[in-house]
Chemist: 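Have a look at this one before I ask anything.
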Amino acid sequence: MTTYKSDFLNVLQERELIHQVSDPEGLDQQCASGVVTGYVGYDATATSIHIGNLITVTLLYWLQQTGHRPISLMGGGTSMVGDPSFRDDQRQLLTMDQIETNIESIKRVYSRILKYGDGPTDAIMVNNADWLMKLNYVEFLRDVGRHFSVNRMLSFDSVKLRLDREQSLSFLEFNYMIMQGYDFVELNRRYDCTLQMGGSDQWGNIINGVDLGHRMLDKQFYALTTPLLTTSSGQKMGKTASGAVWLNDELFSPYDFWQYFRNTEDADVGKFLKIFTRLSLDDIAHAVKDDINEAKKLLATEVTAIVHGREAAEQAAETARVTFEQGAIDLSLPTVEVSSGELKQGIGVLNAFVTAGLAGSNGEARRHLKSGALRLNDEVLDDERGEISDAAVLPEGVIKLSVGKKRHALIKPV
């Protein structure tokens, strides 16, 4: 293991957050000798970021905690195009109003993790629409486009994969990597930013920015990426039956978020505690060694506190305790409202579990039923043609649906 001079790179290495660094010695020297400004870019193609983005926000957190200045760059301009990396088709084009709405929604997560302000190490939030939307196209081609080799761009994995599958890559999308590279140049001009960070799938795009900065400004820029996270069983992290694990609570509740981390595989608990929490390495080692199930609860509570706040995290933990350990109905469980009229007529069993977000499709719900995992008010269900009606409403005024012992939701007639 490399020993760095700078706290920043040492912390990232200890927490298994480094995949590649373009110039480790140079970046280490810069971080050890003064304040470095670094950024991560986020396209506003949805109303929330997800767990994969949480890792790169964590890079910004540790950058700030070790005495440097983070920039969270919102892609108001690049979101008009959409990153084509490793996609099978072109992203749906968004309007400026949609993008602005998404940015406002995403900002809430950052404010819980980074300290924004005017101090030398306070975080800055910047929107690349400020410069990209004002560019003169011909001037941009002459000043920036001439530094990019099409041959080299075609060699990037993100592009090759698309072409190898004989899937079209529009000229609009092909410009994305040029725009992202130019972001780095503008951030250096405006904020003396010399470091760009991101997931390992962004390495080619980030290196483009490093090269462009050197060519246009004759300065040394740096790139750092974090590993794309997979579980020990080889699954890409961040997906559930109902879709992505979003960080905004209206898309993915704090309770579901807590449960997601509570269900971490045993072999991943120590790694995830290092990557996602602020706990010391000694505390992490002791937690994993002492009791793996308690360590999972610790992981779930600490990560939920970072994303949703300590109160929401403790409420989620208490809801889980009451539900699992005491077998009681906790009314703070995720709840789906269904009209009383519809419930009186009866809802198909499989459809009810899909509606409650406990299965992604009727087929998945059917597989759970055949394995004996589906429960209605804690009673095992075995008839896929059965229906759930208002007769199942408990004295608490809800119907409890469960998949196994750990995933629960409530149906509330309205």
Side-chain angles (χ1 to χ4, degrees), residues 1-42 52-73 85 110 113-115 119-126 128 147-148 152 156-158 177 180-229 274-276 278 281:
M1 180 181 290
T2 304
T3 301
Y4 293 105
K5 300 175 184 176
S6 65
D7 291 340
F8 176 59
L9 289 182
N10 277 324
V11 167
L12 295 196
Q13 179 172 250
E14 291 169 352
R15 291 186 173 268
E16 302 179 26
L17 283 165
I18 297 177
H19 180 68
Q20 288 176 287
V21 185
S22 60
D23 177 5
E25 294 80 11
L27 178 59
D28 188 35
Q29 181 61 42
Q30 290 293 314
C31 290
S33 59
V35 176
V36 169
T37 299
Y39 87 99
V40 177
Y42 303 89
N53 302 127
L54 180 58
I55 302 173
T56 55
V57 179
T58 301
L59 294 178
L60 293 176
Y61 170 84
W62 287 117
L63 185 71
Q64 185 169 52
Q65 292 300 306
T66 53
H68 305 285
R69 182 170 64 161
I71 296 176
S72 49
L73 177 67
S85 298
Y110 295 108
I113 298 174
L114 302 174
K115 178 181 178 294
T121 62
D122 285 343
I124 306 168
M125 184 168 286
V126 182
N128 64 15
H147 295 295
F148 284 83
R152 184 162 182 265
F156 292 153
D157 287 343
S158 57
M177 59 186 77
Q180 183 174 332
Y182 183 66
D183 283 344
F184 207 170
V185 171
E186 277 294 327
L187 289 173
N188 181 266
R189 286 171 171 165
R190 296 170 183 235
Y191 305 103
D192 194 29
C193 179
T194 56
L195 169 65
Q196 182 181 176
M197 300 181 289
S200 60
D201 60 334
Q202 289 294 315
W203 180 253
N205 287 339
I206 295 174
I207 288 298
N208 264 336
V210 170
D211 292 344
L212 183 64
H214 181 70
R215 291 171 185 270
M216 291 186 68
L217 305 178
D218 194 24
K219 292 182 179 180
Q220 181 63 52
F221 287 43
Y222 303 96
L224 185 151
T225 60
T226 190
L228 291 184
L229 207 54
K274 287 181 183 179
I275 289 173
F276 290 108
R278 319 300 188 224
L281 298 183

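Quick caveat: nothing in here was measured; it's all calculated off a predicted structure. We use all heavy atoms of the structure for the numbers below, so side chains are in, but hydrogens, waters and symmetry mates are not. Counting from 1, the numbers follow the sequence of the chain as shown.
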Chemist: Does the pair Q202 and N205 meet the rule for a side-chain hydrogen bond (donor to acceptor under 3.5 Å, both in side chains), with working shown?
Modeler: CA-CA 5 Å; Q202 289 294 315; N205 287 339; 3.1 Å; yes
Chemist: Could you tell me which residues satisfy side-chain hydrogen bond (donor to acceptor under 3.5 Å, both in side chains) with T226, sequence neighbours excluded, listed by chain and number?
Modeler: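 Partners of T226 under the side-chain hydrogen bond (donor to acceptor under 3.5 Å, both in side chains) test: none.
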Chemist: For R278, enumerate each residue passing the salt bridge (Lys or Arg N to Asp or Glu O under 4.0 Å) test, keeping only those at least two apart in sequence or located in another chain.
Modeler: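 Checked R278 against salt bridge (Lys or Arg N to Asp or Glu O under 4.0 Å); zero matches.
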Chemist: So, using salt bridge (Lys or Arg N to Asp or Glu O under 4.0 Å) as the criterion, who are the partners of D122 when residues are at least two apart?
Modeler: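 Per chain and number, D122 pairs via salt bridge (Lys or Arg N to Asp or Glu O under 4.0 Å) with K115.
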Chemist: Using the test side-chain contact (heavy atoms from CB on, under 4.5 Å), find all partners of P227 that sit at least two apart in sequence or belong to another chain.
Modeler: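 For P227, the residues satisfying side-chain contact (heavy atoms from CB on, under 4.5 Å) (neighbours in sequence not counted) are H19.
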Chemist: Using side-chain hydrogen bond (donor to acceptor under 3.5 Å, both in side chains) as the criterion, list what pairs up with Q220, not counting sequence neighbours.
Modeler: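 Residues passing side-chain hydrogen bond (donor to acceptor under 3.5 Å, both in side chains) with Q220: none at all.
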Chemist: Kindly give the heavy-atom pair with the smallest separation between S200 and L228, and that separation in Å.
Modeler: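 The answer is OG-CG, 3.2 Å.
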Chemist: Applying salt bridge (Lys or Arg N to Asp or Glu O under 4.0 Å), can you list everything that pairs with E14, at least two apart in sequence or on another chain?
Modeler: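 Partners of E14 under the salt bridge (Lys or Arg N to Asp or Glu O under 4.0 Å) test: none.
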Chemist: For V35 and P120, which heavy atoms make the closest approach, and how far apart are they?
Modeler: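 Looking at all heavy atoms of both residues, the closest pair is CG1-O, 4.1 Å.
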Chemist: Which pair of non-hydrogen atoms, one from C193 and one from I71, has the smallest distance, and what is that distance?
Modeler: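 Closest pair (atom of C193, atom of I71, distance): CB-CD1, 4.3 Å.
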Chemist: Show every side chain to side chain donor-acceptor pair (under 3.5 Å) that has at least one partner inside residues 25-40, sequence neighbours left out.
Modeler: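 The answer is K5-Q29, S6-D28, T37-R69, Y39-Q196.
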Chemist: Give every donor-acceptor pair under 3.5 Å between a side-chain atom in residues 55-62 and any protein atom, sequence neighbours left out.
Modeler:
residue	atom	partner	partner atom	Å
T56	OG1	Y42	OH	3.1
T56	OG1	N53	O	2.8
T58	OG1	L54	O	2.7

Chemist: Quick one: list whatever passes side-chain hydrogen bond (donor to acceptor under 3.5 Å, both in side chains) with E186, sequence neighbours left out.
Modeler: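 For E186, the residues satisfying side-chain hydrogen bond (donor to acceptor under 3.5 Å, both in side chains) (neighbours in sequence not counted) are Y182, R189, R190.
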Chemist: Does anything in residues 202-228 pair up under ring-ring contact (aromatic ring centres under 6.0 Å, His included), and if so which pairs, sequence neighbours excluded?
Modeler: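 Every ring-ring contact (aromatic ring centres under 6.0 Å, His included) pair that includes a residue of residues 202-228, provided the two are not neighbours, is F184-F221.
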Chemist: Run the salt bridge (Lys or Arg N to Asp or Glu O under 4.0 Å) test against K219 and tell me which residues pass, sequence neighbours left out.
Modeler: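 Here no residue qualifies.
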